[in-house]
Amino acid sequence: MLDIRTLRDNLDATEARLHTRGEAVTLASFRDLDGRRRALLGESEALKAERNSVSALIGKTKDKSEVQGEMARMKEVSARIKELDEELRRVEDELRGLLLTIPNLPDSACPVGGSEADNREVRRWGTPRDFPFEPKAHWDLGEALGILDFERAAKLAGARFSVGFRAGARLERALINFMLDLHTADGRYDEVLPPFLVNRDTMTGTGQLPKFEADLFHLDEPDYFLIPTAEVPVTNLYRDEILDGALLPLCYTAYTPCFRKEAGAHGRDTRGLIRQHQFNKVELVKFTRPEDSEAELEKLLNDAERVLQQLELPYRVVDLCTGDLGFSAARTFDIEVWLPGQQAYREISSCSNFRDFQARRANIRFRREAGAKPEFVHTLNGSGLAVGRTLVAVLENHQQADGSVLIPEVLRPYMGGLERIAS
RNA sequence: GGAGAAGUGGCCGAGUGGUUUAAGGCAGCGGUCUUGAAAACCGCCGUACCGCAAGGUACCGUGAGUUCGAAUCUCACCUUCUCCGCCA
């Protein structure tokens with residue numbers, strides 16, 4: 001959510017900036033709603049002030065027959081207040097509804113552009129292997145090794161699900177544990193295990209609702225949503241709280257499964273593990289002081305990169321342009337891993353600074369020192385990493401001519417010492 | 001799922017219709033005193049919104065209702081605790 005005062009004072013500039021996201025954002029009704037709200041509020045509060053003072057007077061008067069006139073008049077005033085407050089409620093609901101659908105302001109450092117093509121490549125790490133044979137896609141490797149089964153997953157649930165068997169199941173678990181251990185080493189991140197189902201307020205706090213309900217799996221009774229990322233429960237951990245500024249930055253890492261309908265993704269990545277309705281992810285989440293969030297984003301990005309480096313997987317880092325930015329993000333760096341099966345770099349992590357956008361929605365504040373006014377924190381998060389896609393990258397990058405897969409050194413302790421997956 | 005109890009400020013806790021602008025205490029901040037500290041004493045000590053300001057309004061789990069007036073009365077819901085049932 002954007003700051004209502006900033007919006008009021010810089011409406012045109014804000015609208016122009018939001019247009020660089022490529023979607024039509026109209027703030028025309030804002031000025032009208034904001035004006036009506038303040039007019040109604042002023043009238044209602046003046047009447048309440050009168051009612052309060054007259055009621056106090058009635059209270060002090062022993063003989064109520066002396067104040068029959070006032071009591072009758074206050075009955076009218078109360079009725080009027082009720083009307084005004086009902087109208088005010090309608091206007092405020094509409095105003096809040098509008099504010100909740102306005103995306104975050106892109107950071108001034110973002111490349112301006114309308115699509116993926118305008119993203120700026122920041123750096124590359126590692127060199128894609130030169131295969132002396134035709135590298136296979138992970139679905140072929142996985143099925144041949146008997147460690148991935150998409151057909152039986154379709155029987156159990158449907159398209160965009162998978163079953164891991166033996167070394168496939170264990171590799172997924174190994175990756176999760178390896179990532180969590182890496183991030184929690186030296187106490188850099190604290191591990192959290194949050195609920196995988198959350199309520200509507202939580203989904204609204206991070207920005208998934210109200211606009212993107214169609215992308216979420218939902219339970220009717222009770223009214224719960226399956227989380228699409230650990231960002232949702234972990235960021236909302238401190239919703240409606242005022243944090244001690246001395247504790248910032250707070251850094252968390254969380255493993256969760258993630259559930260996404262992938263609405264609008266028909267026909268894209270239909271084979272394999274790349275785009276699933278359910279996948280595992282280890283997430284990094286930070287709560288920082290406003291002045292620290294830019295530097296903390298760099299560190300978070302480096303922490304995510306370190307996972308790929310240790311797994312010996314080539315990747316590149318991309319600075320997302322204004323048109324490719326997610327709804328809540330002000331700045332995002334994607335990490336794209338090289339997939340020999342596709343001969344392409346594919347997203348494996350997305351690291352974002354949301355500045356105070358989520359903090360304002362979720363009302364997450366901090367106090368610099370005792371007695372200081374509460375300020376909104378900045379929130380950040382990034383995948384560290386998407387586990388399913390990491391498994392894909394390990395299989396495809398470390399495959400051998402005979403169809404076996406060499407397990408990266410750092411994962412072997414997590415695989416019971418196994419060095420190679422072979423059929 | 002059934003029965004019962006309870007939700008008040010950072011924390012504890014008083015308050016069953018009108019000087020409650022929420023008593024009192026603890027914690028915190030500032031000061032007096034002191035070489036310094038402690039103790040004692042004095043003062044300050046919630047959040048948000050509206051307003052140029054003075055000031056005003058709202059908030060006692062949430063939402064409705066009764067009343068001139070609600071922390072207080074009524075109804076519904078939520079959460080927590082205790083017991084029973086079920087269960088990994």
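In what follows, every chain begins at residue 1, and chains take the letters A, B, ... in the order their sequences are listed.
Using the Watson-Crick or G-U wobble rule with both distances under 3.5 Å, B:U47 pairs with B:A58. The pairing partner recorded for B:A40 is B:U32, the criterion being a Watson-Crick or G-U wobble arrangement whose two distances lie under 3.5 angstrom. The nucleotide B:U20 finds no pairing partner, because no Watson-Crick or G-U wobble arrangement with both distances shorter than 3.5 Å includes it. Base pairing annotation: B:A6 forms a Watson-Crick or G-U wobble pair with B:U79, both donor-acceptor distances under 3.5 Å. Base pairing analysis places B:C73 opposite B:G65; the two distances defining the Watson-Crick or G-U wobble pair are each below 3.5 Å. Judged by Watson-Crick or G-U wobble contacts below 3.5 Å, the nucleotide B:G85 has no partner.
The listed nucleotides are B:A64, B:G69, B:A48; the one nearest the side chain of A:Lys373 is B:A48. If you check B:G46, B:C68, B:A48 against the side chain of A:Met74, the one that comes closest is B:C68.
Side-chain contact between A:Leu7 and A:Ile102 is present, with at least one heavy-atom pair separated by less than 4.5 Å. The closest side-chain heavy-atom distance from A:Val282 to A:His183 is below 4.5 Å. In this structure the side chain of A:Phe259 never reaches within 4.5 angstrom of the side chain of A:Phe225, judged on heavy atoms. A 4.5 Å side-chain heavy-atom check between A:Asp244 and A:Arg367 finds every atom pair outside the cut-off. Residues A:Pro290 and A:Phe366 have side chains in contact (heavy-atom distance under 4.5 Å, counting atoms from C-beta outward).
The side chain of A:Ser78 places an N or O atom within less than 4.0 Å of a non-bridging phosphate oxygen (OP1 or OP2) of B:G69. OP1 or OP2 of B:U47 lies within a sub-4.0 Å distance of a side-chain N or O belonging to A:Arg367. In this model, the phosphate group of B:A48 is approached by a side-chain N or O of A:Arg365 to a distance below 4.0 Å at OP1 or OP2.
In this structure, A:Ile242 atom CD1 and B:C59 atom P are separated by 19 Å, rounded to whole Å. For the pair A:Lys82 NZ and B:A58 P, the computed distance is 17 Å after rounding to whole Å. Rounded to whole Å, the distance from CG on A:Asp240 to P on B:G61 is 16 Å. Atom P of nucleotide B:G69 and atom CZ of A:Arg73 are separated by 13 Å, given to the nearest angstrom. The CG atom of A:Asp244 sits 18 Å away from the P atom of B:A27 (whole-angstrom rounding). Between the CD atom of A:Glu70 and the C1' atom of B:G69 there is a distance of 14 Å, given to the nearest Å. Distance A:Met71 CE to B:G17 C1': 13 Å, rounded to the nearest Å. In this structure, CG of A:Leu40 is placed 16 Å from P of B:A58, rounded to the nearest angstrom.
Nucleotides B:U19 and B:A64 are separated by 30 Å at their C1' atoms, to the nearest Å. For the C1' atoms, the distance from B:U34 to B:C41 is 14 Å, rounded to whole Å. Distance noted for atom C1' between B:C11 and B:U16: 25 Å (whole Å). Atom name P, nucleotides B:G63 and B:G46: the rounded distance is 23 Å, in whole Å. Taking the P atom of each, B:C12 and B:G18 are spaced 27 Å apart, rounded to whole Å. B:A70 and B:U8 have their C1' atoms separated by 14 Å, given to the nearest Å. B:C49 and B:A38 have their C1' atoms separated by 44 Å, with the value rounded to a whole Å. Taking atom P on both nucleotides, B:G43 is separated from B:U80 by 42 Å, rounded to a whole Å.
Comparing A:Gly59 and A:Arg51, the nucleotide of RNA chain B nearest to each residue sits closer to the 5' end for A:Gly59. Of the residues near RNA chain B, A:Arg5 and A:Lys60, the one whose nearest nucleotide (by heavy atom distance) lies more toward the 5' end is A:Lys60.
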Under 3.5 Å, which protein N or O atoms sit close to an N or O of nucleotides 51-57 of chain B? Give each pair with its distance.
| residue | atom | partner | partner atom | Å |
| --- | --- | --- | --- | --- |
| B:G51 | OP1 | A:Arg38 | NH1 | 2.9 |
| B:G56 | N2 | A:Glu45 | OE1 | 2.9 |
| B:G56 | N2 | A:Glu45 | OE2 | 3.4 |
| B:U57 | OP1 | A:Asn52 | ND2 | 3.2 |

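Checked for salt-bridge contact, A:Asp93 and A:Arg89 meet the test: a charged N lies under 4.0 Å from a carboxylate O.
Side-chain contact of A:Glu305 with A:Tyr315: a donor-acceptor pair under 3.5 Å is present, judged by distance alone. Between the side chains of A:Asn363 and A:Arg361, no donor-acceptor pair is found at a separation under 3.5 Å.
Just one residue in the list A:Trp139, A:Phe150, A:Phe279 forms a side-chain contact (heavy atoms from CB on, under 4.5 Å) with A:Leu273, and that residue is A:Phe150.
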